[in-house]
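Input: a single structure, listed below in structure tokens.
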Number of protein chains: 2
Amino acid sequence: MYRDAHVGETAVGGAALALPASCAACPVRDSAICCVLDRSGLAALSRFGRRITLPAGQTLLWEGEEAITVGNLLSGMLKLSTLTGDGREQIVGIVHPSDFIGRPFGRNSPHSVTALTDATLCVFGRTAFDRFAQEHAAIGQALLERTLIELDRARHWMLLLGRKSACERVASLIVEIADRADGGPTIDLPLSRQQMGDILGLTIETVSRSLTRLKRAGVIALPSLRRIAIRKPDELRAIAEG
Amino acid sequence: MYRDAHVGETAVGGAALALPASCAACPVRDSAICCVLDRSGLAALSRFGRRITLPAGQTLLWEGEEAITVGNLLSGMLKLSTLTGDGREQIVGIVHPSDFIGRPFGRNSPHSVTALTDATLCVFGRTAFDRFAQEHAAIGQALLERTLIELDRARHWMLLLGRKSACERVASLIVEIADRADGGPTIDLPLSRQQMGDILGLTIETVSRSLTRLKRAGVIALPSLRRIAIRKPDELRAIAEG
DNA sequence: CGCTAGGTTGAACTAGTTCAATAAGTGTGG
DNA sequence: CCACACTTATTGAACTAGTTCAACCTAGCG
């Protein structure tokens, strides 16, 4: 399904200080977790990494199944999701480029990992990566800091899910995506209304109605289906905070 | 407010292999994060730890304020909580004995930490602990594993908050507490109805009604206000899963 | 014994869901 | 380039789970 050439092959000629071939071309080499490694660590890690592509909609890891891979997202966007016994879905996280993917030090994946857009990843076998992380304290440390930030984010989202109204939730999502994209006032969302609902714990219809309410209030504009223009950022933020 | 004697004072007479005085008496010494340290590491860590008591209702760390302390919970129970702009509360985590408390590697606390019952803690200055964790890989590693588990837990809770009905939420909470307490079929909850509501994203009334519905269905019994007897564990679990 | 805080129950209300119809994009082949 | 099907989004109307507000219990305690 997804396969590609080994990334490894440390620098040709054995010059220990050269960047591994594929890492040199890595779009997130300054921001992914590997950026804490020195040249030799990078070479060692890249030896068992491989680059893969994941078409939109395809699932990399299934909830409850054995979690055999971890890695970095290079481009595109992924979702992390869980299901209730009877199939209701909740998205529990969005993965952006340079974010770490997977569950080190645990046999089974606590949630599914699925591509929202076409995506490219740099993946490692979990057990090999676990071993590597234990030998290279810098990676363990970086992983810890990232995990702590993810935990903060997840808990912050719990406030949204537990206590905010539909409009507040939609406003929060727009703010969050705008902050992450960190571009102009117009954002391109990689999410369908259904997916927005799955993130916010709402139905499609409620998401749609909330968007039109925000639009009617002049806080945002909807130039196209997957595009949102923020007209009154402060007001939007105020609504989002509850 | 809360103060006590220094914990430290490595073993009297300088026998390097002796357990630090207060660690020997520590109720969670085999399960708290320090259990990954060897004698000398433990001695070094205990040198800047202090034991404190926190009466029920008192707050150790405030959301958004500087997070000066980290530590372990020795006895009692704490809650982690956040507020919306207009004061609605959401509990984002429950801390049990031997759990780690606080936010290493971050200046500000992402949520408040408050005692649900009278509690005793073993606390450290955050910056000193951060430094210690960076020097002792085992602690960093253990912290990482705990944080990953907490993250899994938080994300699992997001499913509850986003997609489950009131009854399913209440059932889930009972199951969760029963699993943690890991005792018989009767559990003692350290939570008021209000606090249950704040955990589940519900009002007191809805919590109460859900409990009586579960009681009427014969799934649980309520021998006293703060006590729940599980009558049909399987059915309870089935309801909790959704 | 009566007071108070915490808990339950009831009745009215409302935010959000559900179900159904309509509209707007998107893509394909003639 | 348009007609067609098809998916995705919006809107409307009926419904329902959960909230809100208020009254009423119950247990603990001076």
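Being a predicted model, the structure only gives us computed values, none of them experimental. We name chains A, B, ... by the order of the sequence lines, and we start the count at 1 in each one.
Salt-bridge formation is not detected for the pair A:D198/A:K79: no Lys NZ or Arg NE/NH1/NH2 atom is positioned less than 4.0 Å from an Asp or Glu carboxylate oxygen. The residues B:D86 and A:R163 are annotated as not salt-bridged, no charged nitrogen and carboxylate oxygen being separated by less than 4.0 angstrom.
Although no hydrogens or angles enter the test, the distance criterion places a donor-acceptor pair under 3.5 Å between the side chain of A:T117 and the main chain of A:M77. Between the side chain of B:E241 and the main chain of A:T84, no donor-acceptor pair closer than 3.5 Å is present. Of the possible polar contacts, one joining the B:R169 side chain to the B:K164 backbone as a donor-acceptor pair under 3.5 Å is found.
Atoms CE (B:M196) and C1' (C:dG7) sit 12 Å apart, rounded to a whole Å. Summarising the geometry, the separation between CD1 on B:I204 and C1' on C:dT8 is reported as 11 Å, rounded to the nearest angstrom. In this entry the distance linking CZ of B:R193 with C1' of C:dT9 reads 14 Å, nearest Å. Distance B:L189 CG to C:dG6 P: 15 Å, rounded to the nearest Å.
Atom-to-atom distance recorded for B:L143:CG and A:E145:CD is 10.5 Å, nearest 0.5 angstrom. Note that CG of A:L191 is 4.5 Å distant from CD1 of A:I199, once rounded to the nearest 0.5 Å.
One finds no side-chain N or O of B:R209 lying less than 4.0 angstrom from the OP1 or OP2 phosphate oxygen of C:dT8. For the pair B:T212 and C:dT9, the criterion of a side-chain N or O lying under 4.0 Å from OP1 or OP2 is met.
Within 6.0 Å of atom CZ in A:R107, 12 or fewer heavy atoms from other residues, nucleotides or ligands are found, so the atom counts as exposed in its surroundings.
Along DNA chain D, the nucleotide nearest to A:R163 and the one nearest to A:L225 differ in position, and the one closer to the 5' end is contacted by A:L225. DNA chain D is contacted by both B:E205 and B:R213; B:R213 maps to the nucleotide lying nearer its 5′ end (nearest heavy atom per residue).
Looking at heavy-atom distances under 4.0 Å, A:S192 makes contact with sugar-phosphate atoms alone, never a base. The residue B:L202 sits close only to the backbone: its heavy atoms come under 4.0 Å of sugar-phosphate atoms, none of a base. No engagement by A:G197 is indicated, since no non-hydrogen atom pair under 4.0 Å with the nucleic acid exists.
For the helix from C:dC1-D:dG30 to C:dG30-D:dC1, the angle separating the two terminal helix axes comes to 30°, with each axis derived from five pairs and the value rounded to 10°.
You can see that DNA chain D meets the heavy atoms of chain A within a 4.0 Å-exclusive cut from D:dA9 to D:dA13, reading 5' to 3'.
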Check against side chain to side chain donor-acceptor pair (under 3.5 Å), B:S75 and B:T120:
CA-CA 5 Å; B:S75 72; B:T120 60; 2.8 Å; yes
